[in-house]
Amino acid sequence: MVTGFPAGMLACNCYVLARRAGTDAIIVDPGQRAIGRLQQILDDNHLTPAAVLLTHGHVDHIWSAQKVADMYGCPAYIHPEDRFMLTNPIKDFGRGFFGGLAQIAFGALFREPRQVIELDKDGDKVELGGITVTVDHTPGHTRGSVVFRVSEGPDEVVFTGDTLFRQSVGRTDLPGGSGRDLLGSIVTKLLVLDDDTVVLPGHGEKSTIGHERRTNPFLEGLY
């Protein structure tokens, strides 16, 4: 069972993953204004959050992470390179992106969830709510970007955050970004997956690895 919805002004896709109704659930990237819709999905399907998984630390992806994790008493998982963004997601952006008052305001607005677990092992498998999640470190959009892979029989789903979109890739001009690292991550961690692997990105519509291999203009000549 996988469902998702765009949250907030930047329409970050928040996903809910569970084996079936009435079980534990995994929340991926609860962004701005995600609480109401999340509660409705959880209540309608009698789901109990077991974890909040964060693909990276940008504000549109972590906005509601602390509220969701602490409300349901579950841990939030994030790569150690992006953990600092849980308390100030625009810390490295500087005055060229946001004024000093905005820096102070954001610093006061955000705090870490009570339980934070660092995803510090590339390729590690985490057991959550009866679901095995494989965590792949995919730097490029941020230094601590990761993707989450879940397999059920022959079917595989990958939550790609802002690393890979439908016919596009994540931007690399923000602090911690690297175009070379991003393309390297996509080649070594995503294009090695089967063509029918479903891609659930951080923004926009779903896709498959095969579709991106054939049609994504940013990936031409990379494989």
Side-chain angles (χ1 to χ4, degrees), residues 1-8 11-58 60-79 82 113 115-119 121 123-138 145-166 189-190 193-194 196-209:
M1 173 186 169
V2 181
T3 187
F5 59 92
C12 168
N13 288 331
C14 174
Y15 295 101
V16 180
L17 173 66
R19 293 194 64 83
R20 65 185 69 84
T23 62
D24 287 345
I26 298 169
I27 313 300
V28 180
D29 288 353
Q32 184 190 27
R33 301 173 186 163
I35 298 287
R37 187 74 181 275
L38 261 178
Q39 285 181 310
Q40 181 181 355
I41 292 171
L42 295 170
D43 291 346
D44 288 350
N45 294 280
H46 307 290
L47 299 172
T48 303
V52 172
L53 301 184
L54 302 171
T55 59
H56 62 290
H58 281 161
D60 52 326
H61 291 253
I62 63 98
W63 191 290
S64 299
Q66 179 265 323
K67 293 184 179 68
V68 173
D70 289 353
M71 179 187 304
Y72 291 101
C74 63
Y77 290 73
I78 192 167
H79 192 275
D82 279 13
Q115 302 177 64
V116 177
I117 298 176
E118 294 186 350
L119 300 167
K121 295 180 181 178
D124 200 12
K125 295 183 185 298
V126 183
E127 297 284 341
L128 299 166
I131 299 171
T132 302
V133 179
T134 303
V135 183
D136 293 318
H137 185 206
T138 53
S145 287
V146 297
V147 300
F148 301 112
R149 288 186 287 124
V150 177
S151 299
E152 182 69 23
D155 300 320
E156 187 166 40
V157 174
V158 57
F159 300 87
T160 57
D162 287 1
T163 295
L164 179 66
F165 303 123
R166 184 179 180 89
K189 302 296 176 64
L190 294 174
L193 303 176
D194 291 342
D196 56 359
T197 301
V198 176
V199 173
L200 296 179
H203 301 269
E205 299 178 357
K206 70 179 181 180
S207 185
T208 65
I209 291 296

| request: Begin with the C-alpha distance, continue with both residues' side-chain angles, and end with the deciding distance and a verdict on side-chain contact (heavy atoms from CB on, under 4.5 Å) for Val146 and Asp136. | output: CA-CA 5 Å; Val146 297; Asp136 293 318; over 6 Å; no
| message | Do Leu193 and Arg149 make a side-chain contact, defined as non-hydrogen atoms from C-beta onward lying under 4.5 Å apart? | response | yes
| said: Quick one, Val52 and Leu54 - any side-chain contact, counting heavy atoms below 4.5 Å? | reply: yes
| Would you call Asp29 and Tyr15 a side-chain contact if the rule is heavy atoms closer than 4.5 Å? | no
| task | Check side chain to side chain contact (heavy atoms under 4.5 Å, CB included) between Asp196 and all other residues, then give those that pass, not counting sequence neighbours. | result | Asp194
| What's the shortest heavy-atom distance between Pro49 and Cys74, and which atoms? | O-CB, 3.8 Å
| Given side chains that start at C-beta, do those of Thr55 and Val147 come closer than 4.5 Å, heavy atoms only? | no
| message | Among residues at least two apart in sequence or on other chains, which ones pass side chain to side chain contact (heavy atoms under 4.5 Å, CB included) with Glu152? | response | Arg19
| task | For Glu205, look at atom CD and say whether over 12 heavy atoms of other residues, nucleotides or ligands are found less than 6.0 Å away. | result | no
| task | Under the side-chain contact (heavy atoms from CB on, under 4.5 Å) rule, what do Leu128 and Asp24 come out as? Steps first, then yes or no, please. | result | CA-CA 8 Å; Leu128 299 166; Asp24 287 345; over 6 Å; no
| request: Would you mind reporting whether Val150 and Val2 have side-chain heavy atoms less than 4.5 Å apart? | output: no
| request: Give a yes or no answer on whether the side chain of Asp82 reaches the backbone of Gly57 with a donor-acceptor pair at less than 3.5 Å. | output: yes
| Heavy-atom distance under 4.5 Å between the side chains of Leu17 and Val28, does that happen here? | no
| task | Please check if the side chain of Arg33 supplies one atom and the backbone of Gly8 the other of a donor-acceptor pair under 3.5 Å. | result | no
| said: Test your reading of the model: is there a side-chain donor-acceptor pair from Ser64 to the backbone of Gly31, 3.5 Å cut-off? | reply: yes
| note | CG of Leu47 to CZ of Arg20, rounded to nearest 0.5 Å, is 11.0 Å
| query | How far does OG1 of Thr23 sit from NE2 of His46, to the nearest 0.5 angstrom? | reply | 11.5 Å
| Will you find, in the side chains of Gln39 and Asp43, an N or O donor that is under 3.5 Å from an N or O acceptor? | no
| said: Please give me the minimum heavy-atom distance between Thr132 and Glu127, naming the atom from each residue. | reply: OG1-OE2, 2.6 Å
| Backbone N or O of Leu200 within a donor-acceptor pair of the Asn13 side chain at under 3.5 Å? | no
| From CA spacing to verdict: side-chain contact (heavy atoms from CB on, under 4.5 Å), Leu119, Phe148 | CA-CA 11 Å; Leu119 300 167; Phe148 301 112; 3.7 Å; yes
| query | With Ile117, which residues qualify under side chain to side chain contact (heavy atoms under 4.5 Å, CB included), at least two apart? | reply | Pro75, Tyr77
| field | 4.5 Å side-chain heavy-atom contact, His61 and Asp162 | value | yes
| Hey, does Ile27 have a side-chain heavy atom less than 4.5 Å from the side chain of Leu42? | yes
| said: Working to the nearest 0.5 angstrom, can you tell me the gap between Ile35 CD1 and Met71 CE? | reply: 4.5 Å
| request: Hey, could you give me the NZ/CZ distance between Lys206 and Arg166, rounded to the nearest 0.5 Å? | output: 9.5 Å
| query | In Å, rounded to the nearest 0.5 Å, how long is the span from SG of Cys12 to NE2 of His58? | reply | 11.5 Å
| Parallel, tilted or perpendicular: which fits the ring planes of His203 and Phe165, with parallel below 30° and perpendicular above 60°? | perpendicular
